[in-house]
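What follows is a short report on a single structure.
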Amino acid sequence: GRERREYIHVIEKLETTTDLTPELTYLLTESYLFAITDAPSWMKYNTKYQDIIVKCLEIDPTNVLYQINSARGMMWFPSARGTKDDGIDLILNLEKEHPEHPEVIFAASNYKFSEGLVDEAKKGYLEVLQSRSKLLDQIKQELIEIKNEFATPRKSEIIDREYEQIDDL
């Protein structure tokens, strides 16, 4: 439906972008995954998905987002790059290496949920939500500080300042 069309729109836009950042590449690979819903879409997007992951890992094999998508690709769409078990091993190793990384926690939680490990998955999902909540609080506080530092004073503040006197003694 609508959501799949949105992923396809993202794919069309990003496939024409010449300078893909890690974040945009991650978005493109995610969009490929969610656009694959049946045999025709598998034929259309799977090779592109596999190719871009290989290209990304050649550019930066240590990039966690690329590794997550590589693992997902192996788990959902086993290929010459790896089997479902290879993908599972990669996700679980990433979880050990990057226990605080929200995307790693989320990917590991998705795997655990798919295996029926609901309590472990729930713990991971809640951890991701809490970390995002903390991040939003930090961003809010930083925005308040920026506003206080750079915002134009209100008219009442300007009027109050007119009556202040500065001594040059």
Side-chain angles (χ1 to χ4, degrees), residues 1-139 142:
R2 179 177 163 256
E3 186 174 282
R4 183 171 182 272
R5 282 193 309 272
E6 290 171 358
Y7 286 116
I8 291 170
H9 179 72
V10 168
I11 290 168
E12 290 168 352
K13 289 287 188 188
L14 291 178
E15 282 182 336
T16 61
T17 303
T18 56
D19 187 28
L20 284 176
T21 65
E23 293 78 13
L24 289 177
T25 306
Y26 181 72
L27 179 61
L28 179 58
T29 56
E30 287 285 297
S31 297
Y32 283 138
L33 283 178
F34 290 107
I36 298 172
T37 57
D38 53 19
S41 61
W42 164 264
M43 297 298 291
K44 184 174 183 176
Y45 296 118
N46 183 52
T47 301
K48 292 179 180 184
Y49 173 77
Q50 300 291 341
D51 289 347
I52 197 159
I53 287 176
V54 169
K55 199 179 300 181
C56 290
L57 289 171
E58 287 172 357
I59 294 168
D60 186 359
T62 62
N63 184 295
V64 175
L65 296 178
Y66 295 164
Q67 291 181 49
I68 290 169
N69 273 325
S70 177
R72 286 179 177 159
M74 287 183 269
M75 288 168 47
W76 295 347
F77 314 113
S79 66
R81 289 188 325 94
T83 65
K84 179 179 180 177
D85 288 338
D86 294 331
I88 292 167
D89 289 343
L90 180 53
I91 285 288
L92 296 178
N93 285 333
L94 286 170
E95 184 180 34
K96 289 176 189 168
E97 293 172 17
H98 306 280
E100 304 286 321
H101 196 292
E103 295 295 336
V104 171
I105 296 167
F106 189 73
S109 296
N110 284 342
Y111 159 69
K112 291 172 184 173
F113 185 80
S114 73
E115 294 296 309
L117 304 170
V118 176
D119 290 338
E120 287 184 48
K122 182 178 173 182
K123 180 182 171 196
Y125 292 138
L126 289 173
E127 190 174 327
V128 169
L129 290 173
Q130 289 170 347
S131 69
R132 291 194 173 153
S133 175
K134 289 176 190 172
L135 179 61
L136 289 174
D137 287 343
Q138 288 173 343
I139 291 170
E142 288 175 13

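Remember, it's a predicted structure, so these values are computed and weren't measured experimentally.
Not a single side chain to side chain donor-acceptor pair (under 3.5 Å) links K84 to another residue, sequence neighbours left out. Checked against side-chain contact (heavy atoms from CB on, under 4.5 Å), V10 has the following partners two or more places apart in sequence or in another chain: L14, L27, S31. Every side chain to side chain donor-acceptor pair (under 3.5 Å) that T62 has, sequence neighbours left out, goes to D60. Take T83 and apply the side chain to side chain donor-acceptor pair (under 3.5 Å) test, not counting sequence neighbours, and it matches D86. Partners of S41 under the side chain to side chain donor-acceptor pair (under 3.5 Å) rule, at least two apart in sequence or in another chain, are D38. For the salt bridge (charged side-chain N to carboxylate O under 4.0 Å, His left out) test, no residue two or more places apart in sequence or in another chain qualifies with E97.
Closest non-hydrogen pair, A108 versus I91, comes out as CA-CG2, 3.6 Å. Across all non-hydrogen atoms, the minimal contact from G124 to I105 is O-CG2, 3.3 Å. Considering every non-hydrogen atom in both S109 and A121, the closest pair reads O-CB, 3.3 Å. The two atoms that bring L28 and I52 nearest to each other are CD2-CD1, 3.1 Å, heavy atoms only. Across every non-hydrogen atom of I88 and M75, the tightest pair is N-CG, 3.6 Å.
Between the side chain of Y49 and the backbone N or O of G73 there is at least one donor-acceptor pair closer than 3.5 Å.
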### side-chain contact (heavy atoms from CB on, under 4.5 Å) assessment of I8 paired with Y45
CA-CA 10 Å; I8 291 170; Y45 296 118; 3.6 Å; yes
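For the pair L92 and Y111, the minimum side-chain heavy-atom distance is below 4.5 Å.
Residue pairs meeting the side-chain hydrogen bond (donor to acceptor under 3.5 Å, both in side chains) criterion with at least one member in residues 115-127, sequence neighbours excluded, are N110-Y125. Listed by first and then second residue, the salt bridge (Lys or Arg N to Asp or Glu O under 4.0 Å) pairs involving residues 101-111 are E103-R132 (not counting sequence neighbours). Sorted by first and then second residue, the pairs that involve residues 65-74 and meet side-chain hydrogen bond (donor to acceptor under 3.5 Å, both in side chains), not counting sequence neighbours, are Y26-R72, T29-N69, E30-R72, S70-R81.
In this structure, the separation between CD1 on I53 and CD on Q50 is 5.5 Å, given to the nearest 0.5 Å.
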